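Taking it in order: structure first as structure tokens, then the write-up.
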There are 4 protein chains.
Amino acid sequence: MSTPQGEIRRGRGRPRTPGAEKRIIDAALEEYGEHGWSGFTMDGVARRAGVGKSTVYLRWQDKDSLLTDAVSSHSGDIGGVDTGSLRGDLHDLAVNLFSHYRDPAGWAALRVLVDAAGAPHQLGRFVETVADVQVRFIDQIAARAIERGEVPADLPAREIGQCVYGSVTMQTLGVRLEGREFDDAEIEERATVLVDVVLPQALRP
Amino acid sequence: MSTPQGEIRRGRGRPRTPGAEKRIIDAALEEYGEHGWSGFTMDGVARRAGVGKSTVYLRWQDKDSLLTDAVSSHSGDIGGVDTGSLRGDLHDLAVNLFSHYRDPAGWAALRVLVDAAGAPHQLGRFVETVADVQVRFIDQIAARAIERGEVPADLPAREIGQCVYGSVTMQTLGVRLEGREFDDAEIEERATVLVDVVLPQALRP
Amino acid sequence: MSTPQGEIRRGRGRPRTPGAEKRIIDAALEEYGEHGWSGFTMDGVARRAGVGKSTVYLRWQDKDSLLTDAVSSHSGDIGGVDTGSLRGDLHDLAVNLFSHYRDPAGWAALRVLVDAAGAPHQLGRFVETVADVQVRFIDQIAARAIERGEVPADLPAREIGQCVYGSVTMQTLGVRLEGREFDDAEIEERATVLVDVVLPQALRP
Amino acid sequence: MSTPQGEIRRGRGRPRTPGAEKRIIDAALEEYGEHGWSGFTMDGVARRAGVGKSTVYLRWQDKDSLLTDAVSSHSGDIGGVDTGSLRGDLHDLAVNLFSHYRDPAGWAALRVLVDAAGAPHQLGRFVETVADVQVRFIDQIAARAIERGEVPADLPAREIGQCVYGSVTMQTLGVRLEGREFDDAEIEERATVLVDVVLPQALRP
DNA sequence: AATTAATCGAGACGGTACGTCGGGTCTTATG
DNA sequence: CATAAGACCCGACGTACCGTCTCGATTAATT
């Protein structure tokens, strides 16, 4: 988070209202979800959260920071999978990603990400989150597979991860442009097909 | 383009200045490239292009349309590849995509795309352009490969295309977040690795 | 006025809406009259005038300037008196001043004046207007009286003027603090008494 | 003062810091003197006085009250004159007023007064102070003069007082708008001339 | 050549949101 | 209790842009 509250707040003065942070973030995500980027206004967020604008600006320096933070605070446990097989892990990873993008905050995250990459100024923890998905999660999955002897040690894990993450993203982009969303069955099916494409030769059906 | 100049301009009154269209689009891309979305202003574009705002609004109905148009006007011949082998075609497709993203307009296109998907309201021809890249190009490539007998007819072409397009996008996202760009050698290498991952079993090295 | 439109507006771009200036000034005076200084807001003025805030700020650099200008634009013909006698002229001057202060704009003018004197930064034409009232009008009145042979040439005209202006101001201040206003009869009576006090010895009853 | 501390403070809890009242008032006058009305902020006063805002608001209900109070606490003994002659008394009264206005607090008082008259809401003791200057002091001076037999009993004392108070105010206004101040010699001279104008016929030189 | 009509650069227009600031209130921990 | 600190809600500030509009000045094609 860009909210620089690492330091311990010593108790002089009125403490910051505990719930406010969360209420603002929730409001931000709702506003963004309803109105998109245009129509995502700080006044609107403050009003919806039931706080004053100064309370928002006390915590985030500007609109971008707020959205970035809001979005990265919802990047859940996408990579928290462990099915016992590489195929299963990749499948679940893909499903988790598809589901992640169905959450407005999840999709918003992509937008923020593209923004951040377009004008590299403030990154912070958010980029790490992304790196996690792109790199660490897949590394863990691959490590387990190698340990199990499923695949050779020179498995191009990261490249596979990029394909999974990228393909899910592109498919979601496509379906959203059609004005639709994937239902659970579709996700299941597409995840399966995707895994078949990227899975190492030896493990394909 | 969304510029609604399909109708024939019957020549009464002053004709539109020929160069203006292009100068505005170039200015738009430069402004976007320098300042990002925030900081991309119509006044700025008009000033940089040396035209009045009315000249801009005479051709594009709003800011979104201009950027969308500017961006899609630079979507070059990504899929115009024909090397004689599926491997070669996929490799060149990946290389073209990597290069496309190095062009500010190419990167901007992704941004616009994500925006459009986030708030599905006005899409128009732009979405088609994207669909083209995702679908038509890969379909052509696959059709040729099947014709040549390289691969069976049930090749999951679109899924492979999604992987290629997606992986390139994610890798570019990653490298941009690091503040870097890929050089030609890197692109070559990454394209090769990527093709190895998504290429059907039978054609792998 | 602090509106720096002395230069001739050459016809490039859309000309400023002719009526706007006046509508804004009127709105300003009404807002000030209704709500006082606090509660006199630029948003309120713009809304009441039916213009955008930018239209206001295009003409006046800030709130103070607007009020100053609004107020000085209503400093009417206080000194435009010529009754044929010094006594009559002074009497009418006093009556005009009393009446001037009954106009909200007239009273506001005093407020602005005191402010300006408290923090001497931007004065401009407004101060001149005031100086006019204090000095030029009384000088004219005195000059005519001397010409007519009513009074000697060494008449302390300015000092008399200060007494008239000051006394009317203080009396108005007093009556306003009581929450009242002078009616016409009271004004008449007080003007008469005042003139008796300041009129040169020879001309007193 | 509007500080509602007529009640006896029963000694429960921490007693109010003794010096605070004065420090705040001084800070208020300094802030007002330096920045004028705009730029006179409660935060600024509290900071300068080295107290918390609550300490200020515990004593004064709002900004107006504080300034009003600060200002009226410095309204010294303007009318405390007794020279033995009407001419001398009026002269000293004028000199005292001129001097009063050289004190920032003295001038600020006028601003507060005009404010109060513009929006008659809270008056309190401050108006009385003004009434004193305008009425009581001049009444006393006149009473003594009548007692001494200097002037007839129907002397228009209040009108004379208004002229003195008003003229001094207007002259000060004028000189302040020039960005100057009167020095002692100037005050002396102007007081003398002023008295000559308003003094009853029989007592003029 | 005169007329007509669309486009041009410029810039003012009514709005809306920005990020800041101040007013007056409230809530802590410390006297 | 009062205090110093400082967060709170509110709303105005002055700025920047949006997309529209209105100018006078071009610039052809049509009379």
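First the proteins, then the strands, lettered A, B, ... as listed; each starts at 1. Here the structure is a predicted model, which is why all the values come from computation and not from measurement.
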side-chain N/O B:T17 vs E:dC8 OP1/OP2, d < 4.0 Å: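 Yes, B:T17 has a side-chain N/O under 4.0 Å of OP1/OP2 on E:dC8.
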Tell me whether the side-chain N/O atoms of B:R16 come closer than 4.0 Å to OP1 or OP2 in E:dT7.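 Yes, within the criterion.
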Looking at B:K53 and E:dG11, is any side-chain donor or acceptor paired with a base atom of the opposite kind under 3.5 Å?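 There is none.
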Going by modelled atom types, is there a donor-acceptor pair between the base of F:dT26 and the side chain of B:R14 at under 3.5 Å? yes
Tell me the interatomic distance from [X], atom [atom1], to [N], atom [atom2], rounded to whole angstroms.
| X | N | atom1 | atom2 | result |
| --- | --- | --- | --- | --- |
| A:L67 | E:dC18 | CG | C1' | 16 Å |
| C:L58 | F:dC17 | CG | P | 15 Å |
| B:R48 | E:dG9 | CZ | P | 17 Å |
| C:L66 | F:dG14 | CG | P | 10 Å |
| C:W37 | F:dA12 | CH2 | P | 14 Å |
| A:Y57 | E:dA17 | OH | C1' | 8 Å |
| D:M42 | F:dG6 | CE | P | 19 Å |
| B:R59 | E:dA6 | CZ | C1' | 12 Å |

Given that A:V56 and D:R23 both sit by DNA chain F, which one's nearest nucleotide is further toward the 5' end? D:R23
Both C:D43 and D:A20 contact DNA chain F. Which one's nearest nucleotide lies toward the 5' end?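 Of the two residues, D:A20 wins.
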Between C:R59 and C:T55, is there a donor-acceptor pair closer than 3.5 Å when you use the side chain of the first and the backbone of the second? yes
Flag, side chain of A:R23 to backbone of A:A49, donor-acceptor distance under 3.5 Å: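 A pair under 3.5 Å: yes.
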Please tell me which of the listed nucleotides, [options], lies nearest to the side chain of [X]?
| X | options | value |
| --- | --- | --- |
| C:R12 | E:dC18, E:dG14, E:dA10 | E:dA10 |
| A:V51 | E:dG14, F:dC9, F:dA28 | F:dC9 |
| D:T41 | E:dG22, E:dG9, F:dC23 | E:dG22 |

With heavy atoms under 4.0 Å as the rule, sort [X] into base, sugar-phosphate or nothing.
| X | result |
| --- | --- |
| D:S54 | base |
| B:K63 | sugar-phosphate |
| D:G44 | nothing |

When rounded to the nearest 0.5 angstrom, what distance separates [atom1] in [X] from [atom2] in [Y]?
| X | Y | atom1 | atom2 | result |
| --- | --- | --- | --- | --- |
| D:I24 | D:E31 | CD1 | CD | 12.5 Å |
| A:F40 | A:L66 | CZ | CG | 4.5 Å |
| C:T68 | C:L113 | OG1 | CG | 9.5 Å |

Toward the 5' end of DNA chain E, by each residue's nearest nucleotide, B:T55 or A:G39: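 Its nearest nucleotide lies further toward 5', so the answer is B:T55.
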Pair B:K22 + B:D26, salt bridge at N-O below 4.0 Å: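 Yes, B:K22 and B:D26 are salt-bridged.
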